Amino acid sequence: MKKNQTENIIELKGIKKGFDGETVVENIDLTVKRGEFVTILGPSGCGKTTTLRMIAGFEIPDEGEILLDGKDISSLPPYMRSVNTVFQRYALFPHLNVYDNIAFGLKLKKMDKDEIVAKVKHVLDVVDMEDFEKRKVSTLSGGQQQRIAIARAIVNEPEILLLDEPLGALDLKMRKEMQIELKAMHEELGMTFIYVTHDQEEALTMSDKIVVMANGHIKQIGTPEEIYNEPADAFVADFIGESNIFNGKMTGMLKVKFCGAEFECLDNYPKDTLIDVVVRPEDVILVGENEGIINGEVISVVFKGIHYEVTIQSGKNEIVCQRTRAAAVGEKVGIIIEPDGIHCMISGEVVNRYQGVISRRHTVSFIDSEFECDLTMLYPGSVLNDDGNIVKADGTVVDPVGLNVLVEMPVEKLSMSDDANAGGACGNIISLIYKGDHYNYVVKTKNGIEYMLDDEYLWNENDYVSILCDKKDIKISLLEKEG
Amino acid sequence: MVFKIARKHLCIPYVLFLLLFVIAPVIVILYYAFTNGEGQFTVANFLGFFTSGNTVGTLLYSLFIALIVTCVCVLLAYPVAYILSKMMGRKRSTLLLLFIIPMWINFTLRLTALKEVLSVIEGNLAYHPFLNTVIGQTYDFLPFMILPIYTTLCKIDKSYVEAASDLGASPAEVFFKVTLPLSMPGIISGIMMVFLPAMTNYVILDMMYNSTYIMGSLIGGYFSAYNWNQGSMISIVLLAIICVATLFTNKFTDGEEAADRGAVL
């Protein structure tokens, strides 16, 4: 196989796919170079398997194109693509023995018998399963089936090998071994690997490039070091490895304020920019009381084998620290964080924005949400008359029904309730991130409207909640009428 | 002493039933098969069966008719089961119900209705006794072929089909190399449920004015003529055929698969 690192073997352009009207992945743009080991990483349900299945040809994208060697293959059936898959639960044919399983693809190509025998022998050697040809698939252990599944895929010498959480069913020790072997196999074969997993450690260990996905979108693409050291946003930071995430604010040149104190950092943003601050637990240094930048009290110590995980309460914030020495619960400590341990990123939306229409009941509604609002906000100095119309400051009367408005709801003003009828919209929690003294939630309604809000208490992912917002906190403004 | 009902005691009623209506009759049949009218041991019945052109002819005719009916059933049932297994939700359950409903209607009533339809098409039913027998038996036994094949097809993991396609198999190749071999247990189950009844169910032949004897009619004939010994011997031969066939098919599929064939056998 020729190695040409500059050539793109596969390109995904603007891929969108939905099932039963529900969008699963959207705006997927991804380029994979020949010979790369790319991992698509994300929590379950983020659309990573769907993306892989579209590359394999089991699903056809609704929009966008997939280019293999520059040719659009997005509507080609799987058997016409030079791509092979290692399935999550192996999918070895139970009616065939090991040899026939591996030779399945070669026989379909009407290859010479001697050549098939030689190739099967070779791949069995690659996966370290010599002399297993005659064995029945059902007599193999999980790890052995895994190896045969890999052998069955690579024997066809595909341009790309797709692996769908192939190690998910193995025990920890086996998984670690297979990670190293897969990496070695990748180097030996020179094939392009696209690997799907939800295990961030697996992704960091094996990949040349990691694609982090969440809620059907790509969040970040980068090398394992980039993803770990410079996560694009709080979600990526939270998903990749342990991290402390705080709300912060730039207070000057290379200075950021969070946890009630000012820290020096290496990221330069304009003063007053709202920042998500990510601090890895191994970058939190404990010193004596009043010797650090902030003070706190140890509230829990957990032994984790190679280190202790120490949780410190500082004001309202909880800070997690990893260190090799134990600490005593109740101990007063100071905390230092070096500038290179502080990762600042411009925080996500602080205001939820939607386009809505004023309805007859003096509410603003959009798709599946409806909130009560103060209509007098639309025109300065206006009042409502008895007919429910708006009287402007100059005396003209406006019928508000059907007006197009921009709706703004600040993140900190929204709240949640488990009473589905209490609020103006209902949905499921799709993401939660702990930010030191509160949780940051994203709630997605049935029709795909997302609300971001903060809450002090811990809710669970997938909880069905309703969104509440006080009338006075909903800011509405007129949108220019179209046409 | 307090008598406690353990789980194993729950099988007592069935064991009694088994002893009384299955084991005991088999012993009685064995006794009659190997004795003559005076109760003396003999193998004459056995030899008689295989030397009489009449009984051997009937056996061959029964095998022939059962073979034809089974083949027709497989050919009709497989596509139906395949389509059903590919369907989704309500459509699937409605269609499945349509195929099962005939099983809920009394079998004589069903055949009488079939006869009416056939006589409209053929005029006089007596002209085509063999054809009508095949039609009648197929009509009667088809659901027993559809159901096991359908169940097996439904249970085939979709990932096998995807894996085959991924490895370069066209839809036709996927079917012949993966789906069909994996559905063999269902086909065999169906064959067992159709072939043996087709050899013995002579009521259908009677109703279709087919006067040729099959194994069932032969046994019936001997017993009505009070020749219990010969009748028992034929039953034993039939039983032996069933046993051999079952053993053979169990070898054919392996034990594990045979266990989850989801069938009576």
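Because the structure is a prediction, the values reported are computed rather than measured.
- Other residues, nucleotides and ligands place no more than 12 heavy atoms under 6.0 Å from the NZ atom of B:Lys177.
- For B:Glu162, the parts sitting under 4.5 Å from any heavy atom of chain A are the backbone and the side chain alike.
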From CA spacing to verdict: side chain to side chain contact (heavy atoms under 4.5 Å, CB included), B:Val174, A:Tyr79: CA-CA 10 Å; B:Val174 171; A:Tyr79 61 93; over 6 Å; no

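- B:Asp166 places a side-chain heavy atom less than 4.5 Å from the side chain of A:Phe58.
- The environment of A:Arg175 atom CZ is dense: over 12 non-hydrogen atoms of other residues, nucleotides or ligands sit within 6.0 angstrom.
- More than 12 heavy-atom neighbours from other residues, nucleotides or ligands sit within 6.0 angstrom of NZ on A:Lys109.
- Heavy atoms closer than 4.5 Å to chain B are found in the backbone of A:Leu92, but not in its side chain.
- Looking at A:Asn84, both its backbone and its side chain come within 4.5 Å of chain B, counting heavy atoms on both sides.
- In this structure, no portion of A:Val86 lies under 4.5 Å from any heavy atom of chain B.
- Nearest heavy atom pair, residue A:Ala91 against residue B:Ala163, reads O-CB, 3.9 Å.
- In the displayed structure, A:Asp171 atom CG is contacted under 6.0 Å by more than 12 heavy atoms of other residues, nucleotides or ligands.
- No more than 12 heavy-atom neighbours from other residues, nucleotides or ligands sit within 6.0 angstrom of CE on A:Met80.
- Atom OH of B:Tyr14 sits in a sparse spot, with 12 or fewer heavy atoms from other residues, nucleotides or ligands closer than 6.0 Å.
- Here the closest heavy-atom approach between residue B:Leu182 and residue A:Pro94 is recorded as CD2-CG, 3.5 Å.
- Among all heavy-atom pairs drawn from A:Phe93 and B:Tyr160, the shortest one is CE2-O, 3.3 Å.
- Using a 4.5 Å cut-off between heavy atoms, A:Arg152 contacts chain B through both its backbone and its side chain.
- The 12-atom threshold is exceeded at CD of A:Glu130, counting heavy atoms of other residues, nucleotides or ligands nearer than 6.0 Å.
- A:Phe87 has its side chain out of reach of B:Asp157: every pair of non-hydrogen atoms, C-beta onward, lies at least 4.5 Å apart.
- Comparing A:Arg81, A:Arg53, A:Arg89, A:Gln88 by how many heavy-atom pairs each has under 4.5 Å with chain B, the most go to A:Arg53.
- By the 6.0 Å contact criterion, NZ on A:Lys121 is open, its count of non-hydrogen atoms from other residues, nucleotides or ligands being 12 or less.
- Between the A:His95 side chain and the B:Ser183 main chain, no donor and acceptor come within less than 3.5 Å of each other.
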